[in-house]
Amino acid sequence: MSSPIDRVTGAHLIAGTPQPLGGGPTFRAVDPARGVPIGPEFPEATEAQVTAAATAAAQAFAATGDLPPAAIAELLEAIAAGLEAIGDELVELADLETALGPTRLTGELARTCGQLRLFATTVREGSHLDVRIDPADPSATPPRPDLRRLKVARGPVAVFGASNFPLAFSVPGGDTASALAAGCPVVVKAHPSHPATSQRCGEAIAAAVAACGLPGGMFSLLHGRRTEVGRALVLAAPIAAVGFTGSLAGGRALFDLGAARPDPIPVYAEMGSLNPVFLTAAALAARSEQLAEGFVGSMTLGTGQFCTKPGLVFVPDDDAGRRFEQQVAAVLGEQPAGALLNAGVLGALDERLGVTRAVDGVQVLAEGHPPAGAGSRCAATVLATDLATYRATAELREEHFGPVSLIVRCPTPESMVEVARELPGSLTVSIHVGPGELAEDTTSGQEPLAALQAAARGRCGRLIVDQFPTGVAVSPAMHHGGPYPATTDAAHTSVGTAAIERFLRAVCYQNVPAAVLPPALRDDNPLGLPRTIDGQRNPA
């Protein structure tokens, strides 16, 4: 029986049309579990192809810039249905290219389709447009003209697929869903670690665009391993914003490119995070073994390649902390080696881990089973150090992308507060407490635990109590962002319905005749949107 990867052609999709292989350089996917090339040759996008995709997106935006919410919602639902129709094939392809496993990938596909449908519901309801109407008031001081405000699509969006989530943060992932929900055409630069999965997802999106009667330029897909492809895409004149999930170096480079354009554009980059975890003495006294198991499970999930992997753990420097370390070592010692996404990820992790191991005062606390066989496999590793060494060594505040974490021993509760204030920006900070411990002092603002909570809030986008950070729910209240270097804009999220806001901008209409107002701003409200009128929130 043939594999789904044998049926993938290896092609860009520009405005929904496959582009045949040219004479330029190509690359192939690599099975990370075996370390062997698989699938067809994929072409590097040329500058002309990047320009063609961006131009098609601009033409589509000119034709669809005022799409009604119902049409956008129908597109999102059609994409979800199209992905589900080839779901088994997508899971098999993604497993071949990432070795993340069918169970994980089946859940990821369900999450992706659920996200698309949630966004469709949000778009139909219409609150994301934040419609505000202030009727003219000649008696005001100064007199107020008729003012009507709503949010509109920014324009074509460039999306960079992530390596570690071939479905949820890649071609059909959160950035693409957010941009389409805002009414923006999308040009995706597929991640070279899973090009076959990307192509099949792209074909499903292009088919949905066509089925909904929308211009093909609403979606294009480009391949490429070279940085020149991404650079050309960010600099393409029609591109109005960028969504990126990946490394700090990659995200910062794109951010700088966007800012240096003659017409600067926002680059919303999620770039990596240490996701510190604080364990209080009372928490360890109540459930030390459970915490050790939970920590190891969280840090090794997906072979440590989650953006929310706990990379730092702060524990009391006492007998309870040492007992926790011993329990971690026992659990970690049973962990099998896992496959990383590609040889580049393995090489970068080996290099970073080598730097950390060489720091005077850092010890290897425990390692999992050593890797055996071919492929990009590695053992899980937990290191430990004292607080003084951590605070004095900048290298210990850099992410290890993979199943590696560092335990830091803190001499006092007050020292945990001090180091929390110094943390680099992270997507999450987690605090594990004893029974009732946090509630006892949250009103004083002076106790160490309340101060720890306040300090942690200043360094993250999501503050977690008594849970580990891996796993990001797709919901209206979710905020998946954080202060730099976790993201380039802590005000925004890349997960949840608020993610749509990144690709909208506000426009105010002053004294504009009713006949030429957008439907959302007309007095009769033909779209049935919720609106704020003269300061009062009115339902649809």
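Both backbone and side-chain heavy atoms feed into the values below; hydrogens, waters and symmetry mates do not. For clarity, every value in this text was computed on a predicted model and none was experimentally measured. Start at 1 with the first residue, then count along the sequence.
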**Request:** Provide the full list of salt bridge (charged side-chain N to carboxylate O under 4.0 Å, His left out) pairs with a residue in residues 402-426, sequence neighbours left out, each pair given once.
**Result:** Glu325-Arg409, Arg391-Glu418, Arg391-Glu422
**Request:** Of all the heavy-atom pairs spanning Pro403 and Ala379, show the shortest one and how long it is.
**Result:** CG-O, 4.2 Å
**Request:** Identify the heavy atoms of Leu504 and Lys151 that sit nearest to each other, and give their distance.
**Result:** CB-CB, 4.0 Å
**Request:** May I ask you to decide if Ser426's main-chain N or O and Ser273's side chain share a donor-acceptor pair within less than 3.5 Å?
**Result:** no
**Request:** Step by step, work out the side-chain hydrogen bond (donor to acceptor under 3.5 Å, both in side chains) result for Asn342 and Ser376.
**Result:** CA-CA 6 Å; Asn342 54 57; Ser376 304; over 6 Å; no
**Request:** Taking the side chain as every heavy atom from C-beta outward, state whether Val313 and Val408 have any pair of such atoms under 4.5 Å apart.
**Result:** no
**Request:** Please check if the side chain of Arg104 supplies one atom and the backbone of Ala99 the other of a donor-acceptor pair under 3.5 Å.
**Result:** no
**Message:** If only side-chain N and O atoms count, and only distance matters, is there a donor-acceptor pair under 3.5 Å linking Thr487 with Glu270?
**Reply:** no
**Message:** By the definition side chain to side chain contact (heavy atoms under 4.5 Å, CB included), identify the one residue from Val277, Leu279, Ile464, Leu452 that meets it with Ile431.
**Reply:** Leu452
**Asked** Do Phe244 and Phe255 have ring centroids that are under 6.0 Å from one another?
**Response** no
**Side chains of Glu398 and Arg352 in contact at under 4.5 Å (non-hydrogen atoms)** = yes
**Prompt:** With a 4.5 Å heavy-atom cut-off, do Leu312 and Ser405 have their side chains touching?
**Reply:** no
**Request:** Inspect the contact between Arg502 and Asp175 and indicate whether a charged nitrogen and a carboxylate oxygen are less than 4.0 angstrom apart.
**Result:** yes
**Request:** Provide the closest heavy-atom pair for Leu463 versus Ala456 in the form atom of the first, atom of the second, distance.
**Result:** CD1-CB, 3.7 Å
**Asked** Should the pair His432 and Phe468 be assigned to parallel (<30°), tilted (30 to 60°) or perpendicular (>60°) ring geometry?
**Response** tilted
**Item:** Nearest atoms (heavy-atom pairs only) where Arg154 meets Tyr268
**Value:** NH2-OH, 3.3 Å
**Item:** Side-chain donor or acceptor of Asp95 paired with backbone N/O of Gly101 under 3.5 Å
**Value:** yes
**Message:** Would you say that Leu383 contacts Gln363 through its side chain, given a criterion of any heavy-atom pair below 4.5 Å between the two side chains?
**Reply:** no
**Asked** Would Arg225 and Glu44 satisfy salt bridge (charged side-chain N to carboxylate O under 4.0 Å, His left out), going step by step from the backbone distance to the final call?
**Response** CA-CA 7 Å; Arg225 297 180 63 91; Glu44 294 277 349; 5.4 Å; no
**Prompt:** What's the spacing between His194 NE2 and Leu100 CG if we round to 0.5 Å?
**Reply:** 8.5 Å
**Prompt:** Taking side chain as C-beta onward, heavy atoms only, is Val296 less than 4.5 Å from Val328?
**Reply:** yes
**Prompt:** Nearest 0.5 Å, what's the CG-OG distance between Leu341 and Ser163?
**Reply:** 5.0 Å
**Asked** Between the side chains of Thr308 and Asn275, does any donor sit under 3.5 Å from an acceptor?
**Response** no
**Item:** Spacing of Leu233 atom CG and Phe160 atom CZ [to the nearest 0.5 Å]
**Value:** 5.0 Å
**Prompt:** Does Thr303 use its side chain to pair, donor to acceptor, with the backbone of Ala339 at less than 3.5 Å?
**Reply:** yes
**Message:** Can you confirm whether Asp360 is buried at CG, in the sense that more than 12 heavy atoms of other residues, nucleotides or ligands lie under 6.0 Å from that atom?
**Reply:** no
**Message:** Check this for me: does any side-chain nitrogen of one of Glu367 and Arg357 sit under 4.0 Å from a carboxylate oxygen of the other?
**Reply:** yes
**Prompt:** Rounded to the nearest 0.5 Å, how far apart are CZ of Phe278 and CD of Gln453?
**Reply:** 12.5 Å
**Request:** Take atom CZ of Arg226 as the centre, draw a 6.0 Å sphere, and report whether it contains more than 12 heavy atoms from other residues, nucleotides or ligands.
**Result:** yes
**Prompt:** Are Asp466 and Arg287 close enough for a salt bridge, meaning some N to O gap below 4.0 Å?
**Reply:** yes
**Prompt:** Is any side-chain heavy atom of Leu109 less than 4.5 Å from a side-chain heavy atom of Cys113?
**Reply:** yes
**Item:** For Ala490 against His479, the heavy-atom pair lying closest together
**Value:** O-NE2, 3.2 Å
**Prompt:** Given the rule in the side-chain contact (heavy atoms from CB on, under 4.5 Å) test, do Phe314 and Leu406 qualify, once you have shown the distances and angles that lead to the verdict?
**Reply:** CA-CA 9 Å; Phe314 295 93; Leu406 175 68; over 6 Å; no
**Prompt:** Would Phe306 and Met299 count as a side-chain contact (heavy atoms from CB on, under 4.5 Å) if you check the C-alpha gap in whole Å, the side-chain angles of each, and the deciding distance to 0.1 Å?
**Reply:** CA-CA 8 Å; Phe306 275 48; Met299 69 158 282; over 6 Å; no
**Asked** With under 30° as parallel and over 60° as perpendicular, where do the rings of His223 and Phe27 fit, or are they tilted in between?
**Response** perpendicular
**Arg117 atom CZ: more than 12 heavy-atom contacts under 6.0 Å** = yes
**Message:** Within this structure, what is the NZ-CG distance for the pair Lys309 and Leu301, rounded to the nearest 0.5 Å?
**Reply:** 12.0 Å
**Interatomic distance, Phe401 atom CZ to Leu353 atom CG [nearest 0.5 angstrom]** = 15.0 Å
**Asked** Does Asp319 come within less than 4.0 Å of Arg322, counting only side-chain N to carboxylate O?
**Response** no
**Item:** His480 and Phe169 aromatic ring geometry - parallel, tilted or perpendicular at 30°/60° bounds
**Value:** tilted
**Request:** Test Ile239 against Val234 for side-chain contact (heavy atoms from CB on, under 4.5 Å), laying out the working first.
**Result:** CA-CA 7 Å; Ile239 296 300; Val234 174; over 6 Å; no
**Prompt:** Does Arg462 reach the main-chain N or O of Thr428 with its side chain, forming a donor-acceptor pair under 3.5 Å?
**Reply:** no
**Asked** Are Leu254 and Thr488 close enough, and set up right, to give a side-chain contact (heavy atoms from CB on, under 4.5 Å), and what steps lead you there?
**Response** CA-CA 10 Å; Leu254 296 181; Thr488 52; over 6 Å; no
**Prompt:** Can a donor-acceptor pair be found between the side chains of Thr356 and His400 at a distance below 3.5 Å?
**Reply:** yes
**Request:** Work out which heavy atom in Cys307 is nearest to a heavy atom in Leu427; give both atom names and the distance.
**Result:** O-CD1, 3.6 Å
**Asked** Distance-only, no hydrogens or angles: does the Ser298 side chain make a donor-acceptor pair with backbone N or O of Phe295 under 3.5 Å?
**Response** no
**Item:** Close side-chain approach of Leu167 and Cys201, heavy atoms under 4.5 Å
**Value:** yes
**Message:** Keeping Arg28 on the side-chain end and Gly39 on the backbone end, is there a donor-acceptor pair under 3.5 Å?
**Reply:** yes
**Backbone N/O of Gly368 and side chain of Gln335: donor-acceptor pair under 3.5 Å** = no
**Asked** Hey, does the side chain of Thr393 reach the backbone of Leu396 with a donor-acceptor pair shorter than 3.5 angstrom?
**Response** no
**Asked** Is a side-chain donor or acceptor of Thr176 paired with a backbone partner of Val171 at a separation under 3.5 angstrom?
**Response** yes
**Item:** Arg252 side chain reached by Pro485 side chain, heavy atoms, under 4.5 Å
**Value:** no
